[in-house]
Undergrad: 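Sharing a structure, written as structure tokens. Questions coming.
The model shown is predicted, which means the values in this text are computed figures rather than measured ones.
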Amino acid sequence: MTQETYIKITEKIRSTHYGERIIVFINRLLTDVVYIAFLALLAYLALHRDKDMIKIVIVTGMSFVLVSIIRHFINAERPYTKYEFIPLVQKEKKGDSMPSRHVFSAFVIGMAFMYINTVSGIIVLIIGSLMAVIRVIIGVHFPRDVIAGAVIGTLSGIIGFYLI
């Protein structure tokens with residue numbers, strides 16, 4: 001997306017009655033829903049003494065660490081620093097934009113749910129897709145960042161849950 005597109009989107013949202021509050025709320029809500037669902041999944045598996053809990057913790061944890069390391073070395077600039085505009089969600093970071101760790105997390109968690117229950121996995125992956133769109137709209141990621149996060153999260157889940 002171009003500077004003009006980001007500025008146009010953020011100005012349109014800011015000019016709409018409660019637009020900024022609503023989009024920031026949706027961003028927070030989607031993130032919280034995914035993380036709370038993940039904790040609920042782990043609690044459910046722990047209560048049922050399901051051995052899959054260990055696999056889920058290892059796959060998601062190792063994937064998160066690896067994507068964080070990759071992201072640190074890529075150190076891609078964020079849209080609001082490259083194009084000098086104020087994002088809808090205040091961030092202090094100048095880099096570490098690629099891949100989006102929020103979207104990556106939603107997708108690897110979605111794959112963990114898919115491993116346990118297909119329907120809940122699809123729901124989490126849909127939420128992750130909405131999160132990807134919101135992360136771009138609020139100006140903290142480029143489309144490539146969220147696409148990379150989704151692809152890496154999905155591949156991490158496929159490899160960790162189905163191939164290993």
Side-chain angles (χ1 to χ4, degrees), residues 1-16 18-39 41-42 56-114 121 124-161 163-164:
M1 286 184 18
T2 65
Q3 179 181 25
E4 295 78 28
T5 306
Y6 276 108
I7 291 171
K8 188 184 289 185
I9 290 170
T10 54
E11 284 178 357
K12 178 68 175 164
I13 291 169
R14 284 189 173 105
S15 70
T16 305
Y18 296 115
E20 190 169 358
R21 281 185 179 174
I22 291 168
I23 204 80
V24 169
F25 173 76
I26 292 170
N27 178 60
R28 181 84 250 153
L29 177 67
L30 294 174
T31 303
D32 290 349
V33 165
V34 170
Y35 295 139
I36 290 168
F38 184 59
L39 292 175
L41 174 64
L42 294 178
I56 287 172
V57 169
I58 290 170
V59 169
T60 57
M62 285 179 59
S63 298
F64 184 83
V65 169
L66 287 172
V67 92
S68 296
I69 292 168
I70 291 167
R71 176 176 137 126
H72 176 73
F73 281 107
I74 294 172
N75 198 26
E77 196 171 21
R78 291 179 177 268
Y80 60 86
T81 56
K82 180 175 183 176
Y83 296 144
E84 298 178 357
F85 70 94
I86 299 170
L88 295 171
V89 171
Q90 296 303 311
K91 299 283 261 178
E92 300 297 320
K93 284 189 152 198
K94 303 292 184 209
D96 288 343
S97 184
M98 161 97 143
S100 166
R101 205 164 42 193
H102 277 83
V103 174
F104 160 80
S105 296
F107 274 77
V108 77
I109 290 169
M111 294 305 293
F113 271 94
M114 288 285 286
V124 174
L125 292 172
I126 290 169
I127 293 169
S129 299
L130 294 171
M131 185 187 298
V133 172
I134 294 292
R135 303 296 291 172
V136 173
I137 288 172
I138 62 176
V140 297
H141 285 292
F142 288 104
R144 67 162 196 244
D145 304 337
V146 297
I147 291 168
V151 168
I152 295 168
T154 302
L155 290 175
S156 295
I158 291 170
I159 292 166
F161 298 125
L163 299 179
I164 295 178

Undergrad: How far apart are the closest heavy atoms of Ser129 and Phe107, and which atoms are they?
TA: OG-CZ, 3.6 Å
Undergrad: Only one of Val59, Thr154, Leu155 clears side-chain contact (heavy atoms from CB on, under 4.5 Å) with Met111; which?
TA: Thr154
Undergrad: Side chains of Pro99 and Arg71: closer than 4.5 Å at any heavy-atom pair?
TA: yes
Undergrad: Supply the atom-to-atom distance Phe161 CZ to Ser156 OG, rounded to the nearest 0.5 angstrom.
TA: 9.0 Å
Undergrad: Can you tell me how far CD of Glu4 sits from CD of Glu11, rounded to the nearest 0.5 angstrom?
TA: 11.0 Å
Undergrad: Is the Phe64 ring parallel, tilted or perpendicular to the Phe104 ring (thresholds 30°, 60°)?
TA: tilted
Undergrad: Is the ring pair Tyr6/Tyr83 parallel, tilted or perpendicular, if the boundaries are 30 and 60 degrees?
TA: tilted
Undergrad: Are the side chains of Val140 and Tyr80 in contact, using a 4.5 Å heavy-atom criterion?
TA: yes
Undergrad: Can you find a pair of side-chain heavy atoms, one from Phe142 and one from Ser100, that are under 4.5 Å apart?
TA: no
Undergrad: For the residue pair Val124 and Met114, establish whether any side-chain heavy-atom pair is separated by less than 4.5 Å.
TA: no
Undergrad: Is there a side-chain contact between Leu42 and Ile56 (heavy atoms, below 4.5 Å)?
TA: yes
Undergrad: Is the shortest heavy-atom distance from the side chain of Val136 to the side chain of Pro143 under 4.5 Å?
TA: yes
Undergrad: Are the side chain of His141 and the backbone of Met98 linked by a donor-acceptor contact shorter than 3.5 Å?
TA: no
Undergrad: Would you say the side chain of His102 lies within less than 4.5 Å of the side chain of Ile134, judging by non-hydrogen atoms?
TA: no
Undergrad: Starting at CD1 of Ile152, measure out to CD1 of Ile70 and round the result to the nearest 0.5 Å.
TA: 5.5 Å
Undergrad: Roughly how far, to the nearest 0.5 Å, is the CE atom of Met1 from the CD1 atom of Ile7?
TA: 10.5 Å
Undergrad: Just wondering, are more than 12 heavy atoms of other shown residues or ligands nearer than 6.0 Å to NZ in Lys12?
TA: no
Undergrad: Sequence neighbours left out, cut at 3.5 Å: what donor-acceptor pairs do the side chains of residues 20-37 make with other protein atoms?
TA:
{"residue": "Asn27", "atom": "OD1", "partner": "Arg135", "partner atom": "NH1", "Å": "3.3"}
{"residue": "Arg28", "atom": "NE", "partner": "Asp32", "partner atom": "OD1", "Å": "3.1"}
{"residue": "Arg28", "atom": "NE", "partner": "Asp32", "partner atom": "OD2", "Å": "3.4"}
{"residue": "Arg28", "atom": "NH2", "partner": "Asp32", "partner atom": "OD1", "Å": "2.8"}
{"residue": "Thr31", "atom": "OG1", "partner": "Asn27", "partner atom": "O", "Å": "2.9"}

Undergrad: Taking all non-hydrogen atoms of both residues, which atom of Arg144 and which atom of Ala76 are closest, and how far apart?
TA: NH2-CB, 3.7 Å
Undergrad: I'd like to know whether NZ of Lys91 has more than 12 heavy-atom contacts from other residues, nucleotides or ligands below 6.0 angstrom.
TA: yes
Undergrad: Provide the closest heavy-atom pair for Ser97 versus Pro79 in the form atom of the first, atom of the second, distance.
TA: OG-CD, 4.3 Å
Undergrad: Phe38: which residues meet the ring-ring contact (aromatic ring centres under 6.0 Å, His included) condition with it, sequence neighbours left out?
TA: none
Undergrad: Hey, what do you get for CG (Asn75) to NZ (Lys93), rounding to the nearest 0.5 Å?
TA: 9.0 Å
Undergrad: Can you tell me if CG on Leu66 sees more than 12 non-hydrogen neighbours from other groups inside 6.0 Å?
TA: yes
Undergrad: Main chain of Gly95, side chain of Arg78: is a donor-acceptor contact present, judged purely on distance under 3.5 Å?
TA: yes
Undergrad: Quick check for you: to the nearest 0.5 Å, what is the distance between Leu125 atom CG and Ile109 atom CD1?
TA: 10.5 Å
Undergrad: side-chain contact (heavy atoms from CB on, under 4.5 Å) with Val108: which of Val67, Thr60, Val103?
TA: Thr60
Undergrad: Can you give me the closest heavy-atom contact between Val89 and Ile138, atom names plus distance?
TA: CG2-CD1, 3.5 Å
